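Each residue takes its place number in the sequence, starting with 1. Everything numeric here is computed off the predicted structure, so don't read it as measured data.
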Amino acid sequence: MSPADLMSEGVNLMLFGMGFVFVFLTLLVFATSVMSKIIQATKPEEPEPAVARVPVATVGDPASDPVLLAVIHEAVQQHRARRQ
């Protein structure tokens, strides 16, 4: 075989292979689209889940809560005692 014949066979094989892959991928896209439309047409409608409403606790001004201030003061005192 001459180099020109070998190059021609290589180009033919390349075009055949690329054409085969292109046709296969095109068919795959169409098949996927058809399956998606069939599934969308046959699936039942699902009701939206109800959203549970959780009451939000209201927090007052932390500076006016004497129990919270006492806890913070004690925590600071213990922290300072450990550092010394």
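- In this structure, NE2 on H73 lies 10.5 Å from CD on Q78, to the nearest 0.5 angstrom.
- Partners of V76 by side chain to side chain contact (heavy atoms under 4.5 Å, CB included), not counting sequence neighbours, listed by chain and number: I72, R80.
- Expressed to the nearest 0.5 Å, how far OG1 of T32 lies from CG of L28 amounts to 4.5 Å.
- Judged as a side chain to side chain donor-acceptor pair (under 3.5 Å), the pairs with a partner in residues 2-30 (not counting sequence neighbours) are, in order, S2-D5.
- Both F24 and V21 are part of a single hydrophobic cluster, where members link through side-chain heavy atoms under 4.5 Å apart.
- The environment of M18 atom CE is sparse: at most 12 non-hydrogen atoms of other residues, nucleotides or ligands sit within 6.0 angstrom.
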